[in-house]
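Single-structure report; data block below.
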Amino acid sequence: MSELYASAPIWIRDDLAAARARAWSRIGRPGTWWDGGQRVAIAAETRHALSCALCRGREAALSPTAIEGKHDSLGVLPESVVEVIHRVRTDPGHLSERWFRSVIAAGLSEEHYIETVSIVAHVVAIDTMARGVGLDLPPLPQPEAGRPSRYRPPGVKPGGAWVPWLEPTDLSENDSGVYTAGRSTANIMKAMSLVPDEVRNFFDLVSHQYLPPLAMRDFSREYRAISHAQIELLAARVSALNQCLY
Amino acid sequence: MIHDRSYDLNAVTGGTQDAGGVPHSGLLISFAEAVLGEDEEELARARDALSEAISPASLADAAGVVGLFNAIDRVADATGIPLEAEKLEASADFRAALDIDRFDVGARV
C-alpha cells in the first residue's frame with residue numbers, strides 16, 4: 001500500500017493505491033504548459049473553491065451568470081484561471097461554450113485551459129474517493145523544479161469539442177500511447193488530447209480507479225469487488241447528479 | 001442492457017432506489033448521493049451499510065468509481081464533447097425515457 005493510504009481504515013488495492021500516488025506526484029512536476037509550482041497552486045485552488053461564497057451563490061441560482069462578484073481565491077493564480085478552476089470544480093453542469101469562449105478571450109490559452117481542467121479532474125477524482133472511504137485528504141505534493149515542455153501535437157485539429165483534438169489517425173511519434181489500441185477511441189479520451197500527457201496521466205488513473213479500457217466492455221468476467229452493472233449504476237447516478245449527459 | 005440482461009434505469013435519475021436486477025442498487029445509490037452530498041452522518045451510514053452488505057473491498061471500489069466519474073463529468077462538461085454517434089443511437093430510447101437530454105452541454109447558453 002502506498003504512503004498515500006498508509007492510514008487507510010480499509011484495504012485499498014495495491015494497483016489503485018499506486019496509480020493514485022503516481023497521479024498525485026505528477027501534479028507536482030512540470031507539466032506541458034504549467035510549471036510544478038503553478039500545477040500545485042491549481043490543485044490548492046481546486047480544494048479552496050469549495051469554500052467560495054460566489055460559487056455557493058451561483059450553485060444555488062437558476063443561472064450562474066445572474067450572480068456577479070469575485071471568487072474567494074488563494075490569490076496565487078490569475079483571475080481567469082481561478083474562474084476556470086472554480087466553475088469546473090463547483091458548477092460543471094452550467095458550463096457552456098459561450099463561457100469557454102469568454103475565458104479564452106480573457107487571455108488563457110486553450111492549452112493552459114486543458115491542463116488546468118485535467119489538474120482539477122485529478123484532484124476531484126482523488127479527493128472524492130478519499131471522502132468516500134473516509135480518509136483525510138492527502139497533503140498537496142511538493143512542486144518540482146523545471147520548465148514546461150510546451151509540446152503542442154502537430155496533428156490536432158478542430159473536432160467535436162470546444163478545443164482542437166487529436167484523431168487516432170493524426171498521432172505523431174511523440175503521441176504514441178495516448179490512445180488504446182484495439183478499441184474505438186471515445187470522445188472523453190480525445191477531449192484533452194491537445195495536451196497528450198494529460199490524457200496519459202488521467203487515463204492511467206481511470207484504468208485503476210474505474211476499469212482498464214479493454215475491461216470496460218468485457219462482461220465475461222468481473223475485475224473489481226463490484227460488478228460491471230454495479231459500477232455502471234454508480235457512474236450513471238453520479239453523472240445524473242452532476243447533470244452530465246456524457 | 002449489460003450482457004443481455006435488462007435493468008430498471010429509473011434509479012439513475014433518482015426515480016427509484018431500486019435498479020431492478022442490480023444487486024444492492026439501493027445501497028450503491030445512497031452511497032453515491034452521500035459522497036457527493038454534505039451530510040457527514042449520512043455518508044458514514046451509507047459507507048457502513050455498503051461495507052457490511054457486500055464487503056470492505058466493495059466500498060473502496062465503489063468510492064473509486066464515484067470519485068472517478070465525479071471527475072470525468074467535469075472533463076466532459078469543460079470540453080463540450082458530444083456523445084459518440086454510435087452511443088447516441090444506442091441510447092436514444094433510455095435518454096428519452098429518463099429525460100436526460102436536458103443535460104446536453106451543446107444546448108447550454
Side-chain angles (χ1 to χ4, degrees), chain A residues 10-13 16 88-89 92-98 100 114 117-118 120-122 124-129 131-134 160-163 186-188 190-192 202 205-206 209-210 219 224-246, chain B residues 2-3 5 7 9 11-14 19 21-25 28-29 31-33 35-36 43-44 47 51 54-84 86-87 95 98 100-106 108-109:
Chain A
I10 61 170
W11 175 254
I12 309 284
R13 279 185 284 114
L16 175 53
V88 174
R89 177 65 187 95
H94 285 115
L95 300 181
S96 66
E97 183 167 10
R98 185 175 172 186
F100 166 74
I114 287 295
V117 169
S118 177
V120 172
H122 278 82
V124 168
I126 284 170
D127 284 1
T128 307
M129 180 180 165
R131 175 172 164 73
V133 294
W162 298 336
V163 288
N187 288 346
I188 192 66
K190 298 178 193 171
M192 296 195 292
F202 188 66
L205 188 59
V206 169
Q209 201 165 311
Y210 170 47
F219 305 116
R224 303 291 185 237
I226 51 177
S227 67
H228 276 86
Q230 290 172 317
I231 288 172
E232 297 307 326
L233 177 64
L234 282 168
R237 185 66 189 129
V238 169
S239 297
L241 289 168
N242 285 329
Q243 300 185 4
C244 178
L245 176 65
Y246 188 84
Chain B
I2 294 181
H3 202 202
R5 290 184 193 148
Y7 302 98
L9 294 179
V12 169
T13 49
V22 181
H24 305 294
S25 57
L28 291 162
I29 286 170
F31 177 69
E33 291 173 347
V35 175
L36 266 56
L43 175 56
R47 195 184 284 141
S51 184
I54 311 179
S55 67
S58 74
L59 171 62
D61 283 346
V65 171
V66 171
L68 202 280
F69 277 83
N70 203 24
I72 276 190
D73 292 346
R74 284 166 167 79
V75 174
D77 281 342
T79 54
I81 55 169
L83 270 178
E84 296 79 1
E86 64 273 20
K87 288 181 190 167
R95 282 188 289 110
L98 298 176
I100 54 175
D101 280 336
R102 61 197 154 103
F103 300 152
D104 183 5
V105 72
R108 294 177 195 163
V109 291

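Each chain gets a letter, A, B and so on, in the order its sequence line appears, and its residues count up from 1.
A donor-acceptor pair under 3.5 Å is absent between the side-chain atoms of A:R224 and the main chain of B:S58, judged by distance alone.
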Inset, instruction - Mind running side-chain contact (heavy atoms from CB on, under 4.5 Å) on A:Q230 and B:I54 for me, showing each step along the way? - result: CA-CA 11 Å; A:Q230 290 172 317; B:I54 311 179; 3.9 Å; yes
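Between A:N242 and B:R74 there is a side-chain heavy-atom pair separated by less than 4.5 Å. By the 4.5 Å heavy-atom criterion applied to side chains, B:I81 and A:K190 are not counted as neighbours.
Closest non-hydrogen pair, B:P82 versus A:G160, comes out as CD-O, 3.1 Å. Residues A:V133 and B:A63 come closest through the heavy atom pair CG1-CB, 3.5 Å. Minimum interatomic distance between A:A225 and B:D61 (heavy atoms only, all atoms of both residues): N-OD2, 2.8 Å. Across B:A78 and A:V88, no two heavy atoms sit closer than the pair CB-CG2, 4.0 Å. Nearest heavy-atom pair across A:R237 and B:A32 is CG-CB, 4.4 Å. Nearest heavy atoms, A:L234 versus B:L28: CD2-O, 3.3 Å.
Here CG of A:L241 is found 6.0 Å from CG of B:L36. Values are rounded to the nearest 0.5 Å. Here the CG atom belonging to A:L205 is positioned 9.0 Å from the CD1 atom belonging to B:I72, to the nearest 0.5 angstrom. Atoms CD and CG, from A:Q243 and B:D73 in turn, are 11.0 Å apart once rounded to the nearest 0.5 Å.
Ranked by heavy-atom pairs under 4.5 Å with chain B, the first of A:A186, A:S118, A:A161, A:A235 is A:A235. Each of B:A60, B:P56, B:S51 has some count of heavy-atom pairs under 4.5 Å with chain A, and the biggest count is that of B:A60.
For a residue to count as touching a neighbouring chain, one of its non-hydrogen atoms must lie under 4.5 Å from one of that chain's; by this rule B:L68 touches chain A with backbone and side chain alike. For chain B, the nearby part of A:R13 is the side chain; its heavy atoms alone come within less than 4.5 Å. When heavy atoms are compared at a cutoff of 4.5 Å, B:L59 approaches chain A by way of both its backbone and its side chain.
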